[in-house]
Amino acid sequence: MPFYDEMYDDAGAVRPGYRHYVEWLRSIDPERLSRKRAEADVAFRRVGITFAVYGEEAGKERLIPFDVIPRILPANEWRLIERGLRQRVAALNRFLHDIYHEQEILRSGIIPSHVVTENRQYRPQMQGLAVPGGVYAHIAGIDLVRADDGLFYVLEDNLRVPSGVSYMIEDRKMMMRLFPELFVRHRVAPVQHYPDLLLAQLRAAAPAGVDDPTCVLLTPGAFNSAYFEHTFLAQQMGIDLVEGRDLFVQDETVYMRTTQGPKRVDVIYRRVDDDFLDPEVFRPDSLLGVPGLLRAYRAGRVTLANAIGTGVADDKSIYPYVPAMIRFYLGEEPILHNVQTWLGRDPQDLRYILAHLPELVVKEVHGSGGKGMLIGPMASTAEIEEFRAKLRTQPENYVAQPTLALSTCPTFVEEGIAPRHIDLRPFVLSGKAIEMVPGGLTRVALESGSLVVNSSQGGGTKDTWVLEC
Amino acid sequence: MLSRTADHLFWMSRYLERAENLARLLDVTWQYTLVPLSDEAQRQQWNAVLVLNSLEVPFTAKYAEVNGDSVLRFMVRDEGNLSSIYACLRMARENAHAVRGTITNEMWETINTAWLELREQSYEQLVVNEPGEFFEWVKARVSLLRGVTSGTMLRDEAFDFIGLGALLERADNTARLLDVKYYVLKSSDDGTSDFYAWGALLRAVSAFEAYRRTFRSSIQPERVAELLILNGNMPRSLAFCLEGLVKTLRRVANDQSTETLRQAGRLYATLRYGRIEDFLQEGLHEFLTDFMKHIYALGDRISRDFLVV
């Protein structure tokens, strides 16, 4: 399968964005890269930039491998991506507002009603509820991949509690520390002001009439895999990092327990899934949430970012309709492409999937983290047969896509510098306006040939440079 | 600030202070046992470490004999002993981890680095040949953190709860140390070893030079007690700790903490206006036992007033 390489074109020539970098790379002692990588490992460990791993020894923390070779995007490519992201996220927020109000897109038949209303992620509690500014997904992480045709495709929209932005910032800090001379040679667009943008958006999302809102970040706790990020963002924004037990609801108002008594909370940047937010309404066994939170939310006394019920817009069964949403709400042609998707619940699609399993990637509709999926070309016959059986018993649980030839980027691995597959997750903030920092998090599959970039599956990260010209 | 955050800061600080005090106690005991002593005297010295920390029962369940090796093993890196230096640093690091967004990056890195260094080494690597070096390491790490805290942290409530934890723990530790050592030393006072014994006790609280400078005399038990209890300029004395506690409690006061402040103030007053002769006459052991009870009660009250979620 041919791949698009980010650094070299098909003729082996260096692409324009990488010209200065490759010049530098060729001029340095290869030993230096090893030394710098070791230095980065030590620093990341000392700072404790780790993620907790589920299922292994309790509380065990692992480093996410960091690659010292950056992923570079020329300004013109990023401009196009940015426009595409603005368009897509605007449409997704319009969609969420619509399905929780008039449901015009369902009535016009563009999306079959049952796909939305029978979706597990659809929250009837949100029906008719006005959220501040009509914004549902304040923070979105849109996963992009570049295919062999050189174009960017959206692989997935993450509108619930997308994570990874702390690695984007820490990777940049690390690169500037390891190779300051590179930042003299390149005009790399800065990303470290992301927490500032986020804080401004959170404050602006406060309930009407609150002038100086108290914002908090709600974390499931120290054992959550993204706990480092929660502490990092809370610290960078100077807001309290709270757990469910720190909050309580009285008279439809949320308070946190402080050393000076109860203090009202106006905006909650929650990194806890819908299901665990309020045991009165969602999972009654949840100890992570706050009883009565939804009552306070419905009374308009507190803002949740993201809103409840955004999962219905990033679900894999909704994904195929995003281009149609863009046309419907914005009257524009989509700038970023969708990956062709076959739906298990559609009999015709299902026939196609079953006939082409060895070529396709099959994913669970509600799955995430690169788990529970089949990558046809890499799978054994037994694995394929296992998925065939699953597809036959519960076809509505699965979607399939062609196996994408994810682009590669040279990466410093055990055997030296070798191409590895990458993706890109930009973080898009929505409030009165849509804002983002240039670039995002580049994830890299460190195993040769692997297409799975998730950190829980052995993926690493790279600093992502958008060049300013 | 969040009650839970304050609680983590308070305990982070207590565990660090406890680790340091343990290192000081073990160091001084080890050094003292380097001078020629009978086996029984050696045993008594090491046993005092266990008594001081109320650990005789868990110790006996694991080790047959009380001696330098077994007590050091138990107190330095025994993961099963929740009062070991290892356990204290682990708890300090866990509490710090829970509030790493509240403490400064430099503080977190200092604690985390200490923890990683400790965790990677076995008891043999840490202690066998050079126990003194290990104790110095513990003291240096905690001192480093204290310096980093003082040099980087905003003077707000978070800083105050760190202070409360350290002062409360230190007051308790100094009182315990004095209580146990005072009687071991007074009863075995044979004239020759007293200089070393009392000197060791003073060094355990970094007060040897302070003693000399304050009293300019040979070392007398009564003066040692006076220095460690009443001298408000000695950073590990009870009076110093209580003065700090009262000041800090006044700063963080809330609607329900009035009684706690009053009790702390009353305890401070007995030190501020007390005379060592009176305490000695009343019985130092009785005085210190009563003091530790009050410290325990204060800790309890601080928890209830500010920290309980």
Side-chain angles (χ1 to χ4, degrees), chain A residues 41-52 57-61 63 166 169-170 173 195 214 216-224 226-248 255-263 265 269 271 287 290, chain B residues 1-10 12 90-91 93-117 119-120 152-154 156-162 164-165 248-249 251-257 260 302-309:
Chain A
D41 273 3
V42 171
F44 274 132
R45 256 172 73 77
R46 202 185 63 223
V47 181
I49 301 178
T50 54
F51 71 103
E57 290 171 59
K60 181 148 182 169
E61 295 150 27
L63 286 178
S166 57
I169 296 169
E170 289 292 344
K173 275 208 309 228
T214 298
V216 298
L217 194 158
L218 176 63
T219 174
F223 297 107
N224 185 268
Y227 183 67
F228 162 72
E229 177 156 307
H230 304 161
T231 62
F232 174 86
L233 288 174
Q235 184 182 38
Q236 293 296 308
M237 293 190 284
I239 66 177
D240 277 305
L241 178 66
V242 304
E243 295 179 18
R245 57 194 159 125
D246 297 322
L247 302 178
F248 67 94
Y255 295 93
M256 60 178 163
R257 302 173 211 269
T258 80
T259 52
Q260 298 297 316
K263 183 172 183 198
V265 169
Y269 173 28
R271 298 290 298 253
L287 299 173
V290 186
Chain B
M1 71 186 307
L2 272 188
S3 296
R4 186 176 50 81
T5 304
D7 189 56
H8 285 302
L9 293 167
F10 179 80
M12 171 193 84
R90 180 169 56 83
M91 295 301 289
R93 192 262 185 187
E94 270 177 25
N95 278 288
H97 188 228
V99 292
R100 58 173 295 180
T102 304
I103 57 180
T104 62
N105 286 333
E106 290 92 334
M107 289 170 68
W108 163 249
E109 287 189 27
T110 305
I111 295 178
N112 198 36
T113 305
W115 165 245
L116 293 174
E117 282 173 17
R119 196 185 54 174
E120 275 155 20
T152 62
M153 205 173 175
L154 190 68
D156 63 358
E157 263 193 296
F159 188 82
D160 283 337
F161 279 100
I162 290 176
L164 283 178
T248 314
L249 279 172
R251 274 202 299 276
V252 300
N254 64 19
D255 296 345
Q256 45 183 347
S257 69
T260 305
I302 290 173
S303 265
R304 266 183 293 153
D305 290 349
F306 301 101
L307 311 177
V308 172
V309 169

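Order of the sequence lines fixes the chain letters, A, B, ..., with proteins taken first and strands second; residue numbering starts at 1 for each chain.
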Exceeds 12 heavy-atom contacts within 6.0 angstrom, atom CG of A:Leu287: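 Counting other residues, nucleotides and ligands, CG of A:Leu287 stays at 12 neighbours or fewer.
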Pairs of heavy atoms under 4.5 Å with chain B: top-ranked of A:Glu243, A:Gln236, A:His230, A:Met256: A:Glu243
Partner chain A: residue of B:Val99, B:Asn254, B:Thr102, B:Asp305 with the largest heavy-atom pair count (under 4.5 Å): B:Asn254
Check: B:Thr104 main-chain N/O paired with A:Gln235 side-chain donor or acceptor under 3.5 Å: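 No; zero donor-acceptor contacts below 3.5 Å.
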Main-chain N/O of B:Ser3 paired to A:Thr258 side chain as donor or acceptor, under 3.5 Å: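 Between the backbone of B:Ser3 and the side chain of A:Thr258 there is no qualifying donor-acceptor contact (under 3.5 Å).
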Nearest-0.5 Å distance that lies between atom CZ in A:Arg45 and atom CD in B:Glu109: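 It is 13.0 Å, given to the nearest 0.5 Å.
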Passing candidate, side chain to side chain contact (heavy atoms under 4.5 Å, CB included) with B:Leu2, options A:Val216, A:Asp240, A:Leu247: A:Asp240
By a 4.5 Å heavy-atom criterion (distance strictly below it), what part of [X] contacts chain A: side chain, backbone, both, or neither?
X	result
B:Asn105	both
B:Thr110	neither
B:Glu94	neither

Audit row: A:Thr231, B:Trp108, side chain to side chain contact (heavy atoms under 4.5 Å, CB included) steps and yes/no: CA-CA 12 Å; A:Thr231 62; B:Trp108 163 249; over 6 Å; no
